[in-house]
Amino acid sequence: MVKPESWLKTTPGGLYCEPGDFYIDPTRAVERAVVTHGHADHARPGHAKVLATDATLAIMRSRYDDQSGITQQAIAYGEVVEIGGVKISLAPAGHVLGSAQVVVEYAGSRVVVSGDYKRRPDPTCVPFEPVSCDVFVTEATFALPVFRHPSDEQEIAKLLRSVALFPDRAHLVGAYALGKAQRLLRLIRLAGYDRPIWLHGALQNLTDLYAGFGIDFGDLRPATEATKVELAGQIVLAPPGALADRWSRRLPDPLTAMASGWMRVRARARQRGAELPLIISDHADWDELTRTIRDVGAPRLWVTHGREEALVHYATGLGIEAEALSLVGYEDEDS
Amino acid sequence: MKRFADLLDSLAYQPQRNAKLRLLADHFARVPDPERGYALAALTGGLDFALAKAGLIRGLVTERVDPVLFELSYDYVGDLAETASLIWPERTEAGNAAPTLRDVVETLNSTGKANLPGIVAGWLDALDADGRWALIKLMTGGLRIGVSARLAKTAVAQFGNVDIAEIEELWHALEPPYEDLFAWLSGSGPKPDPNLAAAFRPVMLAHPLDEQDLEKLSPSDFLAEWKWDGARVQIAADGGRVRLYTRSGDEVSGAFPEIVEGVDFQATLDGELLVMRDGLVAPFGDLQRRLNRKSVGPKLRADFPCAVRLYDILLDAGEDLRSLPFQARRDRLEAWVERISHPRLDLSPTVPFSSWDELACLRRDGAEPGVEGLMLKRADSAYMPGRPKGLWFKWKRDPALIDAVVMYAQRGHGKRSSFYSDYTFGVWRGDELVPVGKAYFGFTDAELRELDRWVRANTVNRFGPVREVEKSLVVEVAFEGLQRSTRHKSGLAMRFPRFSRIRWDKPVEEADVIENLEALLPR
């Protein structure tokens, strides 16, 4: 067996597959890119050729317009393509709509690059599928045993309880524009809340895109068109950057909530100025990460961005040959 | 415990002072005795569990959790209570019932060292993450949730619809769980007897002077005194009792026998604790050798003899002088010092002046050791507890400034965990940089983000939570004084160092040399 690191290499531009001459989630514009999902630090503009799921490609088009790749090739989960003797397929990652793990096979070994992922059910995307492999490449955003996300239902109940308790205050919920916002909308609906939900303009495009993929969000309205009186006791979703922005001054006595895995740590929640921290994350928590490592059964583990040290330590304890890849350019804000 | 945990949790997330007061007053109204009283004691620092220390929690956690993962988590979270409460493995099977706050306080006060770990582990198993956090915060002290003792007392006053000064006056005669206080405040009991013999009287504090305000103030309305670089204390002697208090009302009589010994007067006096030799004030570093000790040995006492320099008199032979104007109290104090002789007490002199310009010159040139600036007090000011506006001002000397090079950065704790916010800086000795101090404030939040980004991008070495950085950033550091120190490689120690400016523009070669610092040492 040819060692995987001889054909899949860490470079300043990201993970590079030499025989296939392609990058996975390159951090700068390249000739050929395979993209795991639509978040801006993984899907960047300006590549010549892009291979991804149709949803990820649609997200890139909506964000980058004519910069979203000269040639776009969509493949379905499970479909295999071959480039330069390298077999590539995509498996669901459960992170956001269209998110995929990249499964690459070459010279008798299989590497799974999982991108970002989570294991708990998400009503807006296909659940993660473990793929057995020789090398598993994992993120480590929440790779410390202090991160154990509570159930989504519990956190949504916290929000709805606060809405009932403060009927005069607009509940301004900060949520990342791709994935988190749409998942929250679905979760709030699933909890039985059927009043209108108001959106910051920056969330509109991607929410429409999700709706185009058949996801029903109920009664959504643009927050900019509402009067102050109308927004009292209402739920308003906005990107995290807008929480402390002048934009929020239009709201009646806003109560700031923030939906993110970082809300687990009080100091982090306070840094973000959240009065109502909602621990809802699109990334695997410690238990999900460690369970996944056991599920895929890979003898080798490469850890990308996040708290690599702890996960490497844990995996080493299981007898797995684990190391941290020094990939730069992936962010862990607002996860 | 649940209600206490909820209270701490909501206080921790609430940035507005008034909303915090509402949360507290609401808690005192809803929660019965003794739970509310113990909550108040926790918030005012009135609980101290000698055996329940951070080390106990660490020990319990590392018995159940991989120590490497615990250390990495602690380093990341930056707060022991939070790390331990989150990392504690939840027991899935139904266990023992969660303790009440009363259970916790009374058990901690009555349990010996041997049994404590087992009991605390049982509590941690029975509580959820927020409950564990509150328990550990309570046990190890220092809640750090943005509520001062003063704010908690203000909420008590609001709850009972009385003046905060009444609470402060009574405070030192009260004990947790304060059932007599709550009975009085809710109208079901008499006002507790304050038993004021040698009691602490809340001190009056000054505001920093904004020099632009001088134009609006008339020099003839004010008296000036030197501001001594020591520790504010209160001496209370009455009915055979003598007590020395810190400005927050902690009793420290045992640590300063030379002050308390030989007191045969009946008075309450306000002054500055200093190390004094032959009538001259020693550097603050000398006083530091005596602070934060419960008692003192003969050698330390002889090497660092303490004294109190008096600047106010609150009570004289049972007569309460606090409502008198400052000028009248000052006259009484001067007469008192004439009359009473005590070897370790003397009078802090007034500084005569006729114009602000003249005073500014005295502030700049006043060469007496131990002076860190001036105090301005309105001649007509009554002695009011707290920090009333417009009456007393402190006008410190301008700090010394040096240009230093950032050498190491460490992640902060609490609100600044995950940010590299503690910086070790150095100056040149020949062509080598030597560390001369450490600063962790003086920058804005925006600058902190910029510094943090700079540290991450310029790391050359890591030692646990500390990063060594590229020696390429100059900062202007302000500080209040310099002393010799054997603790630091440079042989120097700074007082109150903080960033005054970040010199992104300045080449490191132009940073200061150690000789410039040595020139600032006291002779």
Side-chain angles (χ1 to χ4, degrees), chain A residues 140-150 154 158 161-162 165-166 169 243-244 253-258 261-279 285-287 289-290 306-318 324 326 328-329 331-333, chain B residues 8-16 19-20 23 61 64-90 128-130 132-134 137 143-146 411-419 421 445 448-449 452-453 456-457 462 464:
Chain A
T141 307
F142 290 115
L144 285 172
V146 287
F147 291 110
R148 291 195 163 92
H149 308 324
Q154 182 185 325
K158 204 155 86 179
R161 209 160 47 233
S162 176
L165 205 63
F166 299 104
R169 303 184 69 181
L243 294 186
D253 190 14
L255 188 153
T256 309
M258 171 80 198
W262 299 116
M263 296 297 109
R264 181 81 265 191
V265 176
R266 282 183 172 76
R268 282 289 197 127
R270 282 203 294 270
Q271 280 164 9
R272 299 305 305 253
E275 278 174 77
L276 181 69
L278 302 174
I279 309 161
D285 69 5
W286 175 255
D287 291 334
L289 289 168
T290 52
R307 268 115 296 277
E308 306 92 271
E309 228 179 317
L311 204 57
V312 167
H313 171 81
Y314 171 84
T316 308
L318 294 180
S326 310
V328 291
E331 295 154 16
D332 59 25
E333 278 314 302
Chain B
L8 291 195
D9 201 46
S10 36
L11 286 171
Y13 285 119
Q14 184 47 257
Q16 299 166 359
K20 284 182 188 180
L23 284 168
V61 171
R64 301 199 183 202
V65 179
D66 180 330
V68 174
L69 293 179
F70 173 72
E71 284 305 325
L72 288 168
S73 297
Y74 180 39
D75 177 32
Y76 184 80
V77 174
D79 179 287
L80 178 71
E82 179 137 33
T83 310
S85 66
L86 290 174
I87 210 170
W88 188 260
E90 300 251 350
D128 64 8
D130 286 342
R132 290 193 291 266
W133 175 71
K137 282 273 174 196
L143 297 173
R144 289 213 204 102
I145 49 163
R411 274 208 286 252
H413 282 245
K415 186 180 151 199
R416 301 201 295 197
S417 69
S418 87
F419 282 104
S421 62
D445 287 353
L448 173 59
R449 278 194 293 278
D452 178 72
R453 213 173 306 134
R456 289 170 195 273
R462 297 183 191 206

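Below, read A as the first sequence line, B as the second, and so on, with proteins coming before strands; counting in each chain starts at 1. The figures here come from the full heavy-atom set of this structure, side chains too, leaving out hydrogens, waters and symmetry mates.
Of all the heavy atoms in A/R148 and B/I87, the pair that sits closest is NH1-O, 4.0 Å. Annotation for A/P277 and B/Y13: closest pair CG-CZ, 3.4 Å, computed over non-hydrogen atoms. The minimum heavy-atom distance between A/R264 and B/E82, with the atom names listed, is O-OE2, 3.5 Å. B/T83 and A/V146 get closest at one heavy-atom pair: O-CG1, 3.8 Å.
With a 4.5 Å cut-off on side-chain heavy atoms, A/R266 and B/D9 count as touching.
A/E309 places no side-chain N or O within donor-acceptor distance of the main-chain N or O of B/L72, the cut-off being under 3.5 Å.
Within the 4.5 angstrom heavy-atom criterion, no atom of A/P150 approaches chain B. Both the backbone and the side chain of B/D130 have a heavy atom closer than 4.5 Å to some heavy atom of chain A. The part of B/A129 that comes within reach of chain A is its side chain, from C-beta onward, which places non-hydrogen atoms under 4.5 angstrom from that chain.
Put simply, OH on B/Y76 and CZ on A/R268 are 3.5 Å apart, with the number rounded to the nearest 0.5 Å.
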